[in-house]
Amino acid sequence: MLIGVLALQGAFREHEKSLSYCGKDIITRQIRLPQQLEGLDALVIPGGESTTMGKLMNTYNFFEAITDKAEKGLPIFGTCAGLIMMAKGIRGSEQPRLGLMDIVVERNAFGRQVESFEADISIEALGKEQFRAVFIRAPYILETSPQVEVLAKYQEKIILAKQGKFLAAAFHPELTSDIRLHRYFIEKCVG
Ligand code: GLN
């Protein structure tokens, strides 16, 4: 299985590492040009800075290329800034986004003072064991349509959601050694 990780900016190497631990049959590819999307079974959009990522995606003509593949069924997992890119709505911002999921998000939503923090969260879909979630200037999801499955909340805020083949997390699952969420994406979205 070939999984691309958008490598314009942000935490892409860590995602490659987590993905590679998910199985011997998993090969990762760093995606820097739209042509490299050819042949992928799935795509990961990492965390970083969503406005910068949006500018770079514009420069390299990624918007049309990714939405086109998504419409044809490419599974996509967005984390943190990647979640922001997946959203149809970003509160108070017109910044470029892919708009693949029926969610409205709020950027830097856990407060300016709290740049980053870690928390043990419950993700029922992953089993009983808590998941150590790393939040870095994290967004959260304000609104979802009925098509969106809410998979986890923290402090009443939605931080993990799935819509068909699309998965979005407000935290950074690639920054710990727990690969359950990457595995979940492979099993439930790529399958
Ligand atoms: N705050 C960043 C943004 O709005 C996201 C942070 C992250 O990806 N760690 O793009």
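Both ligands and their constituent atoms are indexed starting at 1 by order of listing. Start at 1 with the first residue, then count along the sequence.
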Task: Over 12 non-hydrogen atoms of neighbours within 6.0 angstrom of NZ in Lys55 - done: no
- [ ] Answer yes or no: is there a donor N or O on one side and an acceptor on the other, between the side chain of Arg180 and the main chain of Glu129, under 3.5 Å?
- [x] yes
TODO: Assert yes or no for the condition that the ring centre distance of Tyr140 to Tyr154 is strictly below 6.0 Å.
DONE: no
Open item on the list: Below a 4.0 angstrom heavy-atom separation, can you tell me which part of Thr79, side chain or backbone, both or neither, approaches ligand 1?
Closed with: neither
TODO: Would you mind checking which non-hydrogen protein atom is closest to atom 1 (N) of ligand 1, with the distance to 0.1 Å?
DONE: Asn108 OD1, 2.7 Å
- [ ] Measure the distance from atom 5 (C) of ligand 1 to every protein heavy atom, then report the residue, atom name and distance (to 0.1 Å) of the closest one.
- [x] Gly48 O, 3.4 Å
TODO: For atom 7 (C) of ligand 1, find the nearest protein heavy atom and state the residue, atom name and distance (0.1 Å precision).
DONE: Cys80 SG, 2.7 Å
Open item on the list: Applying a heavy-atom cut-off of 4.0 Å, say which part of Met53 lies close to ligand 1: side chain, backbone, both or neither.
Closed with: neither
Task: Side-chain donor/acceptor of Arg29 to backbone N/O of Gln36, under 3.5 Å - done: yes
Open item on the list: Suppose I only count heavy atoms of Gly47 and a 4.0 Å limit; which atoms of ligand 1 are within that range?
Closed with: 8 (O)
Open item on the list: Looking at Lys88, is its backbone amide N or carbonyl O close enough to the side chain of Arg97 to form a donor-acceptor pair, meaning the two atoms are under 3.5 Å apart?
Closed with: yes
Task: side-chain contact (heavy atoms from CB on, under 4.5 Å), paired with Leu83, selected from Ile141, Ile45, Leu167 - done: Ile141
TODO: Assign the ring pair Phe171 / Phe131 to parallel, tilted or perpendicular, where the plane angle (0 to 90°) is split at 30° and 60°.
DONE: tilted
Open item on the list: Give me the residue, atom name and distance of the protein heavy atom closest to atom 4 (O) of ligand 1.
Closed with: Arg107 NE, 2.6 Å
Task: Polar contact flag for His172 and ligand 1 (N/O pairs, less than 3.5 Å) - done: yes
Open item on the list: For ligand 1, which is the ligand I care about here, please tell me if Ile84 has any N or O atom under 3.5 Å from one of the ligand's N or O atoms.
Closed with: no
Open item on the list: Just to confirm my output: which protein heavy-atom neighbour is closest to atom 10 (O) of ligand 1, and how far is it?
Closed with: Ser50 N, 2.5 Å
Open item on the list: Counting only heavy atoms closer than 4.0 Å, does ligand 1 sit against the backbone of Glu49, its side chain, both, or neither?
Closed with: both
Open item on the list: Side chains of Gln163 and Glu149: any donor to acceptor distance under 3.5 Å?
Closed with: no
